[in-house]
Protein chains: 2
Amino acid sequence: MKVSTRGEYGLRAMVSLARMYGRGPMPLSVIAQDSAVPVAYLEQLMLPLRRAGLVVSTRGAHGGYQLARPPEQVKVGEIYRVMEGPIAPMDCVREDADEETCPMIDGCATRIVWLKLRDSIVEVLDSTTLADLIAQAPRPRAEQPA
Amino acid sequence: MKVSTRGEYGLRAMVSLARMYGRGPMPLSVIAQDSAVPVAYLEQLMLPLRRAGLVVSTRGAHGGYQLARPPEQVKVGEIYRVMEGPIAPMDCVREDADEETCPMIDGCATRIVWLKLRDSIVEVLDSTTLADLIAQAPRPRAEQPA
DNA sequence: CGAATCCCGACCGCTGCGGTAAGGTAAGAG
DNA sequence: CTCTTACCTTACCGCAGCGGTCGGGATTCG
């Protein structure tokens with residue numbers, strides 16, 4: 001029950017983009033440095049985020065990435081699903097699949113708790129936006145004013 | 001963010017034992033059949049459960065395993081922690097470790113959501129007992145009466 | 001043109017999951 | 001007392017997926 005670095009790094013990168021929102025496209029190298037993710041790896045992570053329409057990319061010189069929507073309109077759950085797949089602590093309680101993915105005996109007494117768990121996770125992730133995170137962050141990067 | 005089969009099978013086995021509670025020790029073979037877990041693998045899973053004091057074993061002929069406590073007093077969270085380790089969707093929000101396991105830059109804006117997530121998971125798992133599961137189970141095994 | 005930058009697929013070591021195998025040890029049956 | 005049952009323990013092993021790296025191609029700005 002760990003979130004992989006895909007989810008961790010993906011969210012960090014999106015938080016970076018949220019802080020820079022409105023300043024035009026930011027190159028990978030800048031995002032990588034700000035979010036402390038290896039640039040070569042981050043490049044891979046941006047691909048699914050772009051395909052999912054969460055970020056838009058600009059190619060060529062002075063290109064880069066930026067959020068497709070303002071930070072208030074991007075739920076953490078969206079990013080999570082793109083990076084980690086459908087939210088499900090167990091296959092038999094997948095979000096997408098139908099109810100009866102559980103061909104189990106024993107009346108699936110255990111399924112009850114996995115369902116509650118999934119709903120609980122969904123609630124947390126979908127009720128938080130990028131704007132919430134940058135607003136509540138303890139220190140917004142401790143940058144010296146010029 | 002998947003629960004491994006250790007957690008899944010471990011909980012299933014404990015539910016089986018909860019149903020048989022009060023009938024004395026049940027041999028591995030019976031538990032394995034009832035919970036649909038390979039007996040050789042289940043044997044490995046019982047070891048940590050015994051060491052954690054959740055089950056007691058009786059050796060020799062007519063031996064087996066039984067719950068150490070009545071099902072109402074066994075929280076799913078206890079079983080989970082034994083099988084899967086401390087509850088933490090991310091290392092920086094481990095239950096055991098101190099607050100400052102997060103030597104991260106960017107003020108850890110993301111940590112907020114992982115903390116909320118962890119607390120939410122803990123709440124679900126610790127507020128459910130084995131007795132709850134067998135009480136709410138859709139069908140208690142569909143056994144024909146003799 | 002050429003430099004910056006995104007785009008994309010191939011590759012690769014490592015860890016941990018999921019499970020098997022085999023032998024050792026304790027305790028009750030007869 | 002010995003045989004059988006059943007738990008106890010360690011060792012092993014294939015495999016998938018994580019966590020990256022590398023190299024080359026396409027696109028746009030100056």
Side-chain angles (χ1 to χ4, degrees), chain A residues 1-13 17 20 23-33 35-68 80 82-86 88-91, chain B residues 1-13 17 20 24-68 80 82-86 88-91:
Chain A
M1 276 288 287
K2 290 274 174 62
V3 175
S4 75
T5 59
R6 289 176 56 85
E8 181 183 357
Y9 292 172
L11 182 56
R12 284 227 294 267
L17 287 178
M20 302 164 178
R23 295 191 221 166
M26 291 291 165
L28 259 185
S29 55
V30 172
I31 307 171
Q33 176 136 19
S35 56
V37 176
V39 62
Y41 189 34
L42 180 60
E43 194 169 12
Q44 280 200 10
L45 306 184
M46 294 311 286
L47 183 66
L49 289 171
R50 182 176 55 82
R51 293 206 171 125
L54 292 178
V55 300
V56 282
S57 62
T58 310
R59 303 180 69 156
H62 301 290
Y65 294 91
Q66 51 191 317
L67 288 190
Y80 183 95
V82 169
M83 303 311 295
E84 302 268 334
M90 185 120 325
D91 283 327
Chain B
M1 275 286 288
K2 289 275 174 61
V3 176
S4 75
T5 59
R6 289 176 57 86
E8 181 184 357
Y9 291 173
L11 182 56
R12 284 230 293 267
L17 286 178
M20 302 163 177
M26 292 291 164
L28 258 186
S29 55
V30 172
I31 306 169
Q33 176 135 22
D34 188 68
S35 56
V37 177
V39 61
Y41 189 33
L42 181 60
E43 195 169 9
Q44 280 200 10
L45 306 185
M46 296 309 288
L47 182 66
L49 289 171
R50 181 175 57 82
R51 291 207 171 124
L54 292 178
V55 300
V56 282
S57 63
T58 312
R59 305 179 68 154
H62 301 286
Y65 293 92
Q66 52 191 318
L67 288 188
Y80 183 95
V82 168
M83 303 311 295
E84 301 268 335
M90 185 119 326
D91 282 327

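Only this structure's heavy atoms are used, side chains among them; waters, hydrogens and symmetry mates stay out.
Distance CG (A:L42) to P (D:dC18): 17 Å, rounded to an integer number of Å. Atom CE of A:M46 and atom P of C:dC8 are 13 Å apart (whole Å). To the nearest angstrom, C1' of C:dC7 lies 15 Å from CG of A:L49. Remark: C1' of D:dA16 and CG of A:D91 are 14 Å apart, rounded to the nearest angstrom. In this structure, the CD1 atom of A:I31 is 11 Å from the P atom of C:dT5, given to the nearest Å. Here the P atom of nucleotide C:dT5 and the CE atom of A:M26 are 12 Å apart, to the nearest Å. Rounded to an integer number of Å, the gap from CE of A:M83 to P of D:dG17 is 16 Å. Across the protein-nucleic acid pair, A:E8 atom CD and D:dG20 atom C1' stand 14 Å apart, rounded to whole Å.
Evaluation of the side chain to side chain contact (heavy atoms under 4.5 Å, CB included) rule for B:R6 yields B:S4, B:Y41, B:L45, B:P48, B:M83, B:E84 as partners, not counting sequence neighbours. Every residue two or more places apart in sequence or in another chain was checked for a side-chain hydrogen bond (donor to acceptor under 3.5 Å, both in side chains) with B:Q66, and none qualifies. When the side chain to side chain contact (heavy atoms under 4.5 Å, CB included) test is applied to A:M1, the partners found at least two apart in sequence or on another chain are A:P89, A:L117, A:I121, B:M1, B:V3, B:Y80, B:I121. A:S29 meets the side-chain hydrogen bond (donor to acceptor under 3.5 Å, both in side chains) test with no other residue; sequence neighbours excluded. With sequence neighbours left out, B:M46 forms a side chain to side chain contact (heavy atoms under 4.5 Å, CB included) with B:L17, B:L28, B:L42, B:L49, B:V55, B:Y65.
Contact check, B:S29 against D:dA6: no side-chain N or O comes under 4.0 Å of OP1 or OP2. For D:dC8, one of the phosphate oxygens OP1 or OP2 lies less than 4.0 angstrom from a side-chain nitrogen or oxygen of B:S57.
Of all the heavy atoms in B:G53 and B:A68, the pair that sits closest is O-CB, 3.3 Å. The minimum heavy-atom distance linking A:S57 with A:R50 is given by the pair OG-CD, 3.2 Å.
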Legend entry - Protein proximity profile, nucleotides 9-18 of chain C - base contact B, sugar-phosphate-only contact S, no contact -, cut-off 4.0 Å on heavy atoms: -B-------B
Inset, instruction - Starting at the 5' end of nucleotides 23-30 of chain D, put B wherever the base has a protein heavy atom under 4.0 Å, S where only the sugar-phosphate does, and a dash everywhere else. - result: --BBBBSS
Inset, instruction - Evaluate the side chain to side chain contact (heavy atoms under 4.5 Å, CB included) criterion for residues A:E8 and A:V37: first the C-alpha distance (whole Å), next the side-chain angles of each, then the deciding distance (0.1 Å), finally the verdict. - result: CA-CA 10 Å; A:E8 181 183 357; A:V37 176; over 6 Å; no
Legend entry - side chain to side chain contact (heavy atoms under 4.5 Å, CB included) evaluation trace for B:L47 with B:E43: CA-CA 7 Å; B:L47 182 66; B:E43 195 169 9; over 6 Å; no
